[in-house]
S.K.: 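After the structure tokens below, expect a handful of questions from me.
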Amino acid sequence: MKVDKVALNIGGQVFVTSRTTLTLEKDTFFYKLLIDEQFGESFCINGEYFIDRDPQHFPLILSYLRKRKINFEHLKENELNDLIDEVEFYGIKSLFYILKDEEIDNQGNLIIKKSDILTKKQFEKLLKSLAMRNKKYKLLYSGKKDGFLAKTFHSRCDNKGPTLVLVKSTRGFVFGGFTKLNWGNNSKTEDKSTCVFSLFGLNNEERYLVLHNSVSSLCPPIVSDPNFGPCFKDGSFNSVDSMAIAIRDCCDINSCYSKINEGYRLPSAFNDKMSPYERYYYLSGTESFLVDNIEVFSIHD
């Protein structure tokens, strides 16, 4: 009969747990350690399994194996990266996906949720600002990962239903838009839920300001042109340099545009604080801009 008690010596620090806890998830380092006797014997010294790894974050890993949940919000970025390295070494895939803000769907496909533009907390704050706190999201397109071609955006994002667009300019402004309408379809459909938002201004100034259409006849509020990335109209203006957000092909090297005037209006209190120029180009800071990164997420229940 196998003894359920197991002692792990992680880098000189001993942790005692159960065989059941360590073998609950298959295909991990610990599963092989205890199931494969030949493999396990190579680590066993005086009744302990010695593993030459940093023990600093092992209490979090062991707690997850016991409870199947983890609280890591207190970790700094470098600490989280160290924890991810340890989890990857031990092959605990379920925890790895949690820490990387990823999931596996029912077909075994990887669902990436992580944004490189916003932290997890910032992304959740944005969803709360948009009254979408309980919505699920999936990364469809990232300029830095997939390239900045308009055709790549359309190949990954057309006909995907509601989407959230995040843009970070080379000057550090972070803004974007949301629409329930399909990209790739220029039907004459009105969508009053379409909105644009400003998250961060110059010098990382936090904003989280959401602007909704003020023109009721805005049909449709987006423009889906195969030669452009995502474009959000401002009122009745159709020219590229008069849109709320107009992302051009190769937006990292070709100037994009943002202007709010007719369809999207800042709160009246802003009128006394800003010049007309500052109000027009509130989202991006200037009339034209280059994109540092752009991300598009599908949004669903």
S.K.: Got a second to check how far F148's CZ is from I247's CD1, nearest 0.5 Å?
M.R.: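 Rounded to the nearest 0.5 Å, the CZ-CD1 separation comes out at 10.5 Å.
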S.K.: What's the spacing between K168 NZ and I117 CD1 if we round to 0.5 Å?
M.R.: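 With rounding to 0.5 Å, NZ (K168) is 7.5 Å from CD1 (I117).
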S.K.: Decide, yes or no, whether a salt bridge links D116 with K145 under the criterion of side-chain N to carboxylate O below 4.0 Å.
M.R.: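 Yes, charged N to carboxylate O under 4.0 Å.
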S.K.: More than 12 non-hydrogen atoms from neighbouring residues, nucleotides or ligands closer than 6.0 Å to CG on D301, yes or no?
M.R.: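 No, because the 6.0 Å sphere around CG of D301 holds 12 heavy atoms or fewer from other groups.
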S.K.: Test the R207-Y282 pair against the cation-pi criterion, namely NZ or CZ under 6.0 angstrom from the six-membered ring centroid and within 45° of the ring axis.
M.R.: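 Yes; both conditions hold, so R207 lies above the ring face of Y282.
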S.K.: Let me know which of Y264, F289, F200, Y281 forms a ring pair (Phe, Tyr, Trp, His ring centres under 6.0 Å) with F175.
M.R.: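 Single pass found, and it is F289.
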S.K.: If you take the centroid of each ring, where Trp contributes its six-membered ring, are F15 and F58 closer together than 6.0 Å?
M.R.: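 Aromatic pair counts; centres sit under 6.0 Å.
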S.K.: I'd like to know if the side chain of H154 and the backbone of P230 have a donor-acceptor N/O pair within less than 3.5 Å.
M.R.: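 Side chain of H154 to backbone of P230: no pair is present.
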S.K.: Strictly below 4.0 Å, N to O, side chains only: are R133 and E124 in salt-bridge contact?
M.R.: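 Salt bridge absent between R133 and E124.
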S.K.: Taking Y49 as the starting point, is it possible to reach I35 by hopping between hydrophobic residues whose side chains are less than 4.5 Å apart?
M.R.: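 In one cluster: no.
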S.K.: Between the side chains of S239 and S242, is a donor N or O closer than 3.5 angstrom to an acceptor N or O?
M.R.: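 Yes, side-chain donor-acceptor contact under 3.5 Å.
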S.K.: Using modelled atom types and a 3.5 Å cut-off, is there a donor and acceptor pairing between side-chain atoms of D146 and backbone atoms of Y141?
M.R.: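 No, D146 side chain to Y141 backbone: no donor-acceptor pair under 3.5 Å.
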S.K.: Within 45 degrees of the ring normal and closer than 6.0 Å to the centroid, is that where the cationic atom of K125 sits relative to Y208?
M.R.: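 The answer is yes; both the distance and angle limits are met.
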S.K.: Salt bridge check, D27 against K93: does any charged N sit closer than 4.0 Å to a carboxylate O?
M.R.: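 Looking at K93 and D27, the cut-off is not met.
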S.K.: Could you tell me if S142 and E295 have a donor-acceptor pair between their side chains, going purely by distance under 3.5 Å?
M.R.: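 The criterion, which ignores hydrogens and geometry beyond distance, is not satisfied for S142 and E295.
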S.K.: Please answer: with hydrophobic residues joined when any side-chain heavy atoms are less than 4.5 Å apart, are L33 and Y31 in the same cluster?
M.R.: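 Different hydrophobic clusters.
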